[in-house]
Structures are given as structure tokens and as C-alpha cells.
Amino acid sequence: MSEFNQNSQNSDKFNDSFSFKENKSYLKISFERVAFIFFVFFILAVIFSSKVILLSIKKIPEIQKVTKKENFRSSILDKDGNILAKSVPIINLGINPNLVINKEKLLISLKLIFPNKNFDDDMYGKKFFYVKKKISPKKLEQVLLLGDKSFIQEDSIARVYPNGNLFSHVIGQIDNDNNGISGIEKTFDYELTTSKEPLKLTLDKDLQYLIKEELLKSRDIFQNIGSAAVLMDINNGNILSMISLPDFDLNKREKISDKKYINRATKGVYEFGSVFKTFTLAAGLQYNVIEPDTEFRDLKKRITCAGNSISEYDDKIPSDLTAEEILIRSGNIGSVRIAEKVGIENYNEFLKKIGIISNLEFDIQEVGSTQIGRWGKCKLATVSFGHGIATTLLQLSKAYSIISNGGYDITPTLIKKDSLKRQKILNDNLSETINPILRKIVSTKEGTAGFANVKGYEVGGKTGTADQPSEGGYSKKKVNTFTSVFPTSDPKFVLAVMLDEPKANREFVYHYRDDRYPYKGNWRNTAGWTTVWVTGQIIDKIGPILATKY
Amino acid sequence: MKKIFFFTPIIILIFATTLTKNSTKKLDKQIFEINENIRILEDRYELTLLDYNILTSPKKLIEYQKFYFEEKLIQKKIENLNTITIVNDKLKIEKMVNIDE
């Protein structure tokens with residue numbers, strides 16, 4: 001018995017220990033499962049939390065675009081508060097033919113109200129159609145008096161542009177769903193559809209109109225296929241006027257796909273020719289390799305580089321010239337010599353500094369980028385006089401602004417800003433040295449821009465006549481440019497004007513700005529005889545406004 | 001007596017609240033009406049401004065000038081423009097630019 005008891009006790013002991021072990025194991029598994037599930041949920045929570053934090057920190061434009069827009073779009077104003085674009089509420093009147101009780105009777109009534117429209121096909125073939133978009137209050141009242149319940153009124157907005165096509169390239173277009181598709185309307189789409197405040201631009205409608213008129217006249221005289229002009233405040237980059245022709249009427253809401261409507265001021269990329277000689281001289285002064293009176297002797301009339309010929313446009317140009325004279329007389333070979341002194345690295349760095357090579361961030365998305373190719377000895381030679389490099393008129397305006405405003409960096413802008421931090425990027429006195437030379441190009445007989453010598457405005461600037469590249473070489477088609485700075489004693493404005501493929505007009509009578517008799521029969525298709533003349537006319541017209549208002 | 005002291009201020013407060021609420025309601029209504037009127041006037045002003053901007057666009061102004069004034073309006077040259085400043089209570093008139101280049 002005692003043995004049995006002992007065995008039994010042993011058995012109990014054994015059972016206890018077995019059952020204890022089993023329990024211990026069960027607890028362990030259960031704890032691990034809980035821990036595992038907790039871990040999974042913890043990871044999920046961390047992932048979702050980090051995503052939420054990321055979304056709250058980062059502004060994603062796609063999300064902004066998805067936001068549903070009401071029938072609202074802010075106005076766009078010029079610098080004086082004049083309306084350039086405004087949305088007005090309109091009603092589109094539609095009809096659901098399925099709800100019409102007597103279709104024939106309704107068709108007769110509609111024919112009386114809209115005699116020029118025929119709704120027969122729509123009435124019997126569609127589930128919905130518009131009777132009239134942007135219906136006038138008078139017509140709407142007439143329709144509603146018919147008392148038919150099948151009419152559907154749809155509230156919408158219509159964008160009105162009081163100046164028609166005057167600002168077409170800058171403002172841009174919107175689509176039927178109130179989305180900006182080009183220009184300011186596209187770049188500031190989110191702001192315009194969410195902010196109640198109007199968007200104020202730096203543009204001046206009077207200046208814009210006067211410049212456009214002169215460009216239109218130039219088209220009649222020189223038969224150019226297009227033209228562009230940029231007028232910029234030299235000290236802060238505010239663009240007072242930006243024109244590109246041909247333009248289009250924004251009120252017509254046409255689909256613009258023809259390449260001739262490209263924005264020639266910002267998107268069109270051109271070889272501008274001799275206007276680059278100013279940069280070559282400025283780079284020489286920046287890196288202290290020349291002074292204005294540094295002499296260059298025995299300049300050849302023609303040189304070759306890698307089998308390509310570089311020659312002077314005028315064989316009468318003297319062989320001995322100072323650096324200053326090279327710019328005034330627009331010497332190609334002299335510019336090559338200056339650029340050689342500057343060197344490839346320095347010249348490349350200088351062009352980056354003044355914004356010719358670096359990409360330009362601008363307020364509209366239709367912006368072209370400079371094309372230059374690979375630097376080399378011959379590339380340096382051609383770029384020194386503005387060939388082998390293609391850029392935009394806007395970048396050209398920016399570069400001239402920096403060179404003339406004391407060497408301060410500026411960013412061209414269309415949006416009015418309160419304050420601006422200025423950073424000096426060029427040497428002291430560079431502008432003081434360059435500006436009088438630019439003035440001499442306009443004011444002296446040796447210069448190429450006498451037609452822009454408008455009294456009282458101290459106009460300075462540089463001309464550029466460039467053959468345009470075509471397959472395997474250059475064509476006879478030209479782009480004539482004149483970039484002016486005025487008044488040169490205290491520069492305030494840059495005006496860059498470009499004519500695309502102008503032709504010489506032998507019938508046109510030129511009136512000189514000095515005592516010389518008028519001249520007719522010009523055969524030269526250069527900037528001096530085309531673009532400079534247009535620029536002179538523009539400054540004549542806008543000068544009094546700039547002098548009194550700015 | 002205690003009940004009177006207890007309930008009288010409560011009743012007064014209830015009446016005062018009712019009166020205040022009633023007058024606030026009237027004020028709210030007036031504010032709403034004024035806001036609506038302002039909104040209508042603002043809409044009208046903006047449309048009038050739009051009309052004004054269309055009628056005074058540079059293109060229209062040049063048309064009016066040709067139609068009504070023919071050649072009577074002449075553009076001023078900068079050499080004919082003067083600046084007027086007041087120095088010691090006296091008008092000082094100076095040429096805007098000196099053209100002696």
C-alpha cells in the first residue's frame with residue numbers, strides 16, 4: 001500500500017510536472033502571438049503615421065490640381081490695377097429631350113427665340129444638348145416664359161480679356177474646365193482658383209500697347225514673320241512690357257497649335273549675333289585681361305578655325321582697334337581675340353553668372369533654354385561674336401540688365417513683389433565702364449545704332465545681325481536684334497527688340513536723327529537698318545511715360 | 001421670502017436674455033442685409049470696372065482720339081517736359097532733361 005501510494009505520488013508528481021510544462025509552453029506561444037500581432041500593428045501604425053506626416057509637410061501639386069474648383073477664378077491686373085483678365089458669371093442653358101412633353105411645339109417656340117439655330121437633330125437624337133451657352137438675360141427670360149420643365153440652367157464662368165490679344169502670350173489660356181493651360185493662367189492656376197485676391201502683374205498696358213503698335217508697323221515695313229520685345233526695369237527685373245508677334249485673341253478661345261504663335265520673347269531660341277560682343281568685352285573687364293583702351297594690332301579680316309572661316313562683316317574696319325572700338329565697330333576678329341584672352345573657363349563662368357547659360361526660372365512655363373554644344377577653341381571664337389550659341393530674348397535682357405545695373409543679379413519677373421534682395425555678382429566699375437561704350441554705339445558715327453539716338457533719353461545698346469542656322473550651315477534668313485539700355489548715365493531700363501526674318505525695304509524713307517537728309521533705297525538687311533529704327537520709334541513713344549511715371 | 005430673492009433674478013435674467021437675443025437677431029438680420037447689399041454693390045462695381053477697362057483700353061482711346069480730336073492731341077517730347085518742386089514756399093520749375101549732348 002505504501003509502495004502503491006509512493007508510486008501514485010510519483011505518478012502525480014509526474015503528471016504535475018507534465019501538466020506544468022504543457023501550461024508553460026501554451027503561455028509562451030500565446031505571448032509570442034500577441035507580441036507578433038502587436039509588432040505587425042505597430043509597423044503598420046508607423047508606416048501610416050510617417051505617410052501622414054510626409055503628406056502634411058510636402059505640398060504635392062497633383063493633389064492641388066485634383067481639388068475641385070468652383071466656378072471661380074481671380075482677376076489678373078496690370079501694375080496700375082487695370083483688369084487684364086476677369087471671370088464673369090454666365091448661364092449655359094441646356095435641355096433634356098426625354099423630359100419634353102411636346103417636342104414639336106417646343107421646337108417651334110425655340111425657332112422663334114433662336115431663328116438662326118436648328119435643334120431638330122439634337123431633340124430627337126440626344127439625351128442632353130446645350131440650347132445656348134453664355135445665354136443673355138433677355139433670351140433666358142424668353143425661354144423660361146415657355147414654362148417647359150426640361151430646360152436645365154448651368155452656372156458657369158466666362159473669362160473676359162478687355163485688351164483682346166494685347167497680353168495673349170503672357171496671360172495664356174484656360175480650358176473649358178477652368179484649368180490654366182498656358183502662360184500666367186497655367187503657372188498660377190492654383191492661386192487663381194483658390195485665392196480671392198487678384199494677381200497683380202508688373203506689366204503696364206499703355207507701354208504694352210505702344211510697343212506692340214510699333215512692332216506691327218515694323219511688320220508692314222520690313223515684312224518680318226514675327227517679332228518680340230522685352231522692356232525691363234534694370235534694377236529689380238520687373239518686366240514692364242513683353243510682346244511676341246504674331247499673337248492671338250484670348251476672347252476667341254481658339255486652340256493655338258501653329259508654331260508661328262510661339263512666344264518669341266521667352267520660348268524662341270535664336271542665335272543673336274553681335275549683341276554677344278558686349279558680353280565678350282564685359283568678360284574681359286571682369287577678369288582684368290583687358291582695359292577699354294587695350295590695343296589690338298594687325299587684326300586680320302579673315303581667320304579660319306577647324307576649316308571654318310570667320311570674317312569681318314565690313315572689310316573697311318581698321319586693323320588696329322582698342323577693345324572699346326572693337327565693340328563700337330562690332331569687330332568679329334577683335335572679339336575673338338578678346339575671348340582668347342579671357343579663356344574658355346572664365347568665359348563659360350561669366351555667361352553662367354549673367355544668366356545666359358544657366359536655366360532661367362520664370363513666371364510662365366513657356367521658356368526656352370540656351371543651346372551651346374561643347375566648348376572648344378572654335379566654339380569660344382564663334383560665341384565671342386554671338387554665333388554657335390542660341391538663347392532667348394528674355395535671357396539676353398537679363399544679361400544686359402546685370403551688366404548695366406552695377407553688376408547686381410536680378411531675376412526677370414512678371415509678378416509684383418514687395419522687396420528684393422540685391423546681390424552683387426560683377427566687379428565694381430564694370431557697368432560704369434561698359435555703359436558709356438554702349439552709348440557711343442548709338443551716339444557716334446562709327447556706331448551701328450544711330451537711328452535709336454532719341455534726344456533726351458541717352459540711349460545706349462548693341463546691335464546683332466545673325467544668319468539663322470539651317471541644315472548643314474546657315475541660311476540667308478536673319479534675326480536682327482537691338483538691346484538698348486537707357487539712360488546710360490543712370491540706367492533704369494533695358495529694351496530688347498528682335499525682328500524675325502526681316503527684309504530690306506528699298507522704298508522706305510529713313511529720317512536720320514541728326515541733320516542729314518532723309519534716305520531712301522536701303523539694301524542692307526542689318527539690325528542697324530531695321531531693329532534699331534523700330535527701337536528708336538518705340539522709345540520715342542514710350543519715353544515720356546517712362547520719364548514721368550517711373 | 002428666500003424664494004422671491006432666488007427666482008426674481010432668474011426671471012429678470014431670462015427676460016434680459018430674451019430681449020438681448022431678440023435684438024441680436026434683428027442686428028444679425030440687418031448685418032446680413034447690409035452684407036448682401038455690399039456684395040451686390042461689389043459685383044456691380046466690378047462689372048462697371050470691367051466696362052470701364054474695356055472702354056478705356058489703349059486701343060479704344062486711340063480710336064476716340066482719332067474720332068473726336070483728330071490731330072489736336074500731340075505727343076509731348078521730353079525736352080518740353082518740366083518738373084515742378086516747392087522750395088521755401090516757392091515753385092521751382094526745372095527742365096526734366098538737359099539736352100546738351
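Every heavy atom of this structure was used, including side-chain atoms; hydrogens, water molecules and symmetry mates were not. Please read these numbers as outputs of a predicted model, since none were measured by experiment.
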request  = Give, for atom CD1 of B/Ile11 and atom CZ of B/Phe6, the distance between the pair rounded to the nearest 0.5 Å.
outcome  = 10.5 Å
query = Is the A/Phe451 to A/Tyr512 ring centre distance short of 6.0 Å?
reply = yes
message = Just by distance, no angles: are the side chains of A/Arg159 and A/Ser87 close enough, under 3.5 Å, to form a donor-acceptor pair?
response = yes
task = Sort B/Lys76 into side chain, backbone, both or neither according to what part of it lies under 4.5 angstrom from a heavy atom of chain A.
result = backbone
message = At a 4.5 Å cut-off on heavy atoms, which part of B/Thr56 comes close to chain A: side chain, backbone, both, or neither?
response = both
query = Of the backbone (N, CA, C, O) and the side chain (C-beta and beyond), which part of B/Lys60 lies under 4.5 Å from a heavy atom of chain A, both, or neither?
reply = neither
message = Looking only at side-chain N and O atoms, does A/Thr488 offer a donor or acceptor that is under 3.5 Å from a partner on A/Asn435?
response = no
ask   = With distance as the sole criterion, is a donor-acceptor pair present between the side chains of A/Arg73 and A/Asn178 under 3.5 Å?
value = yes
ask   = Picking from B/Ile54, B/Leu81, B/Asn53, which has the most non-hydrogen pairs under 4.5 angstrom with chain A?
value = B/Asn53
query = Would a distance-only check, ignoring hydrogens and angles, find a side-chain to backbone donor-acceptor pair under 3.5 Å from A/Ser241 to A/Leu231?
reply = no
task = Heavy-atom distances under 4.5 Å only: say whether A/Lys212 touches chain B with side chain, backbone, both or neither.
result = neither
query = What part of B/Leu49 is in contact with chain A, defined as an atom under 4.5 angstrom from a non-hydrogen atom: side chain, backbone, both or neither?
reply = both
request  = Let me know if B/Leu50 has heavy atoms under 4.5 Å from chain A in its side chain, its backbone, both or neither.
outcome  = both
query = chain B heavy atoms under 4.5 Å from A/Lys86: which part of the residue, side chain, backbone, both or neither?
reply = side chain
